[in-house]
A.B. asks: 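Sharing a structure here in structure tokens format.
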Amino acid sequence: MEARTNFLQEMISEDIKKRRFNRSIRTRFPPEPNGYLHIGHAKAICLDFDLANEFDGTCNLRFDDTNPDTEDKAYVEGIINDLKWLGYEPEIICYASDYFDQLYAWAELLINDGLAYVDDQSSAQISEQRGGFGKPGVESPFRTRHSEENLKLFRQMRDGAFPEGHCVLRARIDMQHDNMQLRDPVMYRIRHASHYRTGDHWCIYPTYDWAHGQGDAIEGITHSLCTLEFSDNRDLYSWFLGKLPLSDQAPYQTEFARLELTHTVTSKRKLRDLIDNGVVSGWDDPRLPTLRALKKRGYPASSVRSFCKDIGAARTNSRHAIELLESYVRVKLNSVSQRRMAILKPVKLTITNWPDDENGDPLVEWREVINNPENELDGVRLVPFSGTLYIEEDDFKVNPPPKFFRLTPGAEVRLRSGYFITCNDYVENSSGELQEIYCTYDPDTAGGKAPDNRKVKATLHWVSAEHAVTGAVSLYDRLFTAEIPGEATGDVMDDLNHQSVETLSN
RNA sequence: UCGGGGAUGGUGUAAUUGGUAACACAACUGGUUCUGGUCCAGUCAUUGGGGGUUCGAGUCCUCCUCCCCGAACCA
């Protein structure tokens, strides 16, 4: 795969060339601890970390924990582990809640500068006054409160004098602005809830907009990358930073398109619904696109990383075919996986001319089998071969369709690393189900090679009946039949693939 | 309705920044093969539409069309 440059790399190169920052490149990955990471986050993570690495910078992991109602410590730990599995190590692990004191102090600063005010209206009133697309908003009657009063009220908010919803702190920007984000956005709201890190120390919590850019500035972030839906927040991001006394050049925000994949969902709400409704077994169900699920399914982290690296970044909304991700997994697995033989749906196969050993029992031969045809260094293993074997039900057909190359009555095939066998007979039960297959083997084809160089059309997997170990295997398919789940009816549940898992055991 | 963003094959990303559409996935043909895997070869777009500038336009100008995001005390 060719590594192509994306617009973010060009942008950072340009900043370096123009010496936009007096410090090294610094990025951050800012998840909210209210769910686990999925493949969409993986793209953001790879972008944040790889960009930093590429330009000799660093990347922080910062938990955006400004909403005590929905966040939890368990998610923090889960996310840290998921990130580690993906193969990245943050420069530091930090939390928006680390900055609550600084944020509070800066809020008082804005109040003193007449740039923020306490609004006693309900959220419904504020929402209504915000106006709409093309309709300017109207100013709150509390917008002209004096700084001293605002400061007094804000401190009372902090000290728990008011119930939830009684008032909020708003930035004083412009109720007529075309960008709705700048119509006096809320900076603090009252929540009498305990926070998983700060406990009951605070009863006012900063909003995303008031916390995010400030956290970036505190950490010395240079490039704050996020997804497209935050585009309109960018002006607000810059506005806040422009009003604060910062010693470094302020970071700036750039957006890229989030990763969407066919036949799956990545919204936290939809994932949660699937779990809560018992459609899947949990956050790590192998049919989910969460990192812990991919891990459980056996996806190598490196293939997830190369996938993310190669899809790059752009500002175009798009949806990648899930097959592309799968192809990265296959490429990786094909090169590193040691092969083993297992029979999922067994049918008994007896070799009628197989010899006995000196005790009169069927001879057991230990055949040498290559572990990985892609890598000689993986060596070989010995596998027991005898006169009674299991082969895959699908590998035998009494009445073969055209182009069926495997075992049929009268046909000769190879048992991988074993012998050539020819089917002479088979037995079915009264209901026509296959019971057993009878074959003869050619002793001259040991190891699967014929001395006369005759070809055989198929090579079958097998397992010695006497030595076989039982087990259970789950075969997972995609969770949704539709490319875009829910596109037709609006409900993703309507597009569920009801055969997304098949568990076989014996 | 207003603001912001976007449009290159079946899918997604690229195009030395105005120089003759590349790479991957998918599909289809054929070949190889001790995994119907892998591998190899081949086929598959004149860039949303119109007009313009130019020797030359996916790249510049202009008009149009369509798509996405935004009116939480969510992030």
Side-chain angles (χ1 to χ4, degrees), chain A residues 1-6 10 30-32 34 64-67 69-71 96 119 121-124 126-137 164-170 177-183 185-191 204-209 211-212 226-235 255 257 259-262 268 307 310-328 330-331 333-335 337 339 341 369-370 373-374 394-395 403-406 413-418 420 445 447-450 455-461 483:
Chain A
M1 300 311 108
E2 282 295 313
R4 296 181 298 257
T5 63
N6 58 53
E10 288 177 10
E32 184 188 12
N34 66 349
D64 225 326
D65 55 356
T66 56
N67 186 349
D69 290 341
T70 57
E71 294 150 7
D119 194 331
Q121 300 182 104
S122 69
S123 95
I126 291 176
S127 170
E128 192 172 329
Q129 288 168 2
R130 185 118 43 205
F133 303 144
K135 282 163 290 197
E164 290 188 10
H166 181 267
C167 54
V168 291
L169 183 72
R170 290 227 257 170
H177 203 104
D178 282 335
N179 182 347
M180 304 287 289
Q181 300 294 331
L182 300 200
R183 318 248 262 228
V186 171
M187 295 168 64
Y188 274 100
R189 69 287 211 191
I190 297 170
R191 282 289 175 281
I204 56 172
Y205 290 92
T207 56
Y208 164 84
D209 288 298
H212 201 88
C226 62
T227 44
L228 250 27
E229 65 269 27
F230 290 96
S231 298
D232 288 344
N233 298 57
R234 187 176 57 237
D235 286 343
E255 313 85 30
L259 170 64
E260 301 278 10
L261 285 177
T262 57
K268 279 180 189 168
F307 167 74
D310 287 349
I311 58 173
R315 307 192 100 248
T316 315
N317 289 311
S318 61
R319 187 178 299 267
H320 280 82
I322 189 89
E323 292 89 338
L324 183 62
L325 205 211
E326 290 167 348
S327 89
Y328 279 84
R330 278 200 303 272
V331 165
L333 254 22
N334 188 51
S335 67
S337 300
R339 316 299 149 93
M341 294 193 284
V369 183
I370 291 170
E374 305 290 318
D394 293 345
D395 284 342
K403 297 217 173 176
F404 183 83
F405 303 131
R406 287 163 282 174
V413 300
R414 169 170 40 230
L415 292 176
R416 184 172 168 78
S417 300
F420 281 20
T445 56
K449 269 203 179 69
K455 301 285 186 203
V456 104
K457 281 189 181 150
T459 300
L460 308 187
H461 282 205
E483 278 199 0

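Worth saying up front: this structure is predicted, and the values here are computed from it rather than measured. Just so it is clear: chains get the letters A, B, ... in the order the sequence lines come, proteins before strands, and each one is counted from 1.
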A.B. asks: By the 4.0 Å heavy-atom rule, please label Pro373(A) as base, sugar-phosphate, or nothing.
C.D. replies: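 The answer is base, as Pro373(A) lies within the cut-off (heavy atoms under 4.0 Å) of a base atom.
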
A.B. asks: Mind checking if Ser417(A) touches a base, just sugar-phosphate, or nothing, with heavy atoms under 4.0 Å?
C.D. replies: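 Here Ser417(A) touches the bases of the nucleic acid.
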
A.B. asks: Distance check, P atoms only: A27(B) and C68(B), in whole angstrom units.
C.D. replies: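 About 29 Å, rounded to a whole number of Å.
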
A.B. asks: Provide the Watson-Crick or G-U wobble partner of C74(B), both distances under 3.5 Å; none if there is no partner.
C.D. replies: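 Pairing partner: none.
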
A.B. asks: Strictly under 4.0 angstrom, non-hydrogen atoms only: write out the protein contact profile of nucleotides 65-75 of chain B, one letter per nucleotide from the 5' end, B, S or -.
C.D. replies: ---SSBBSBSB

A.B. asks: Would you compute the distance between atom NE2 of His320(A) and atom CG of Leu325(A) and round it to the nearest 0.5 angstrom?
C.D. replies: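 Between His320(A) NE2 and Leu325(A) CG, I get 10.0 Å after rounding to 0.5 Å.
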
A.B. asks: Between Asp65(A) (side chain only) and Ala96(A) (backbone N and O only), is there a donor and an acceptor less than 3.5 Å apart?
C.D. replies: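 Confirmed, Asp65(A) side chain pairs with Ala96(A) backbone.
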
A.B. asks: Would you call the rings of Phe307(A) and Tyr328(A) parallel, tilted or perpendicular if under 30° counts as parallel and over 60° as perpendicular?
C.D. replies: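 Rings of Phe307(A) and Tyr328(A): perpendicular, over 60°.
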
A.B. asks: NA contact type, Arg319(A), heavy-atom cut-off 4.0 Å: base, sugar-phosphate, or nothing?
C.D. replies: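 Sugar-phosphate, no base atom in range.
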
A.B. asks: Heavy atoms under 4.0 Å, any strand shown: does Ala458(A) hit a base, just sugar-phosphate, or nothing?
C.D. replies: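 Result for Ala458(A) = nothing.
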
A.B. asks: For Arg315(A), answer base if it contacts any base atom (sugar-phosphate contacts may also be present), sugar-phosphate if it contacts only those atoms, and nothing otherwise; contact means non-hydrogen atoms under 4.0 Å.
C.D. replies: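 Touches sugar-phosphate only.
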
A.B. asks: Report which part of the nucleic acid Arg330(A) touches: base, sugar-phosphate, or nothing (heavy-atom distance under 4.0 Å, all strands).
C.D. replies: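 Sugar-phosphate contact only.
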
A.B. asks: Taking the same atom, P, in U59(B) and in G6(B), what whole-Å distance lies between them?
C.D. replies: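 Approximately 15 Å lies between the P atom of U59(B) and that of G6(B).
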
A.B. asks: Quantified in whole Å, what is the C1' atom distance between nucleotide A15(B) and nucleotide U8(B)?
C.D. replies: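 Result for the C1' pair: 10 Å, nearest Å.
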
A.B. asks: For Gln129(A), which contact category applies under a 4.0 Å heavy-atom criterion: base, sugar-phosphate, or nothing?
C.D. replies: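 If one applies the 4.0 Å heavy-atom cut-off, Gln129(A) turns out to touch nothing in the nucleic acid.
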
A.B. asks: Check every strand shown and say whether Phe404(A) touches a base, only sugar-phosphate, or nothing at a heavy-atom separation below 4.0 Å.
C.D. replies: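 Touches a base.
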
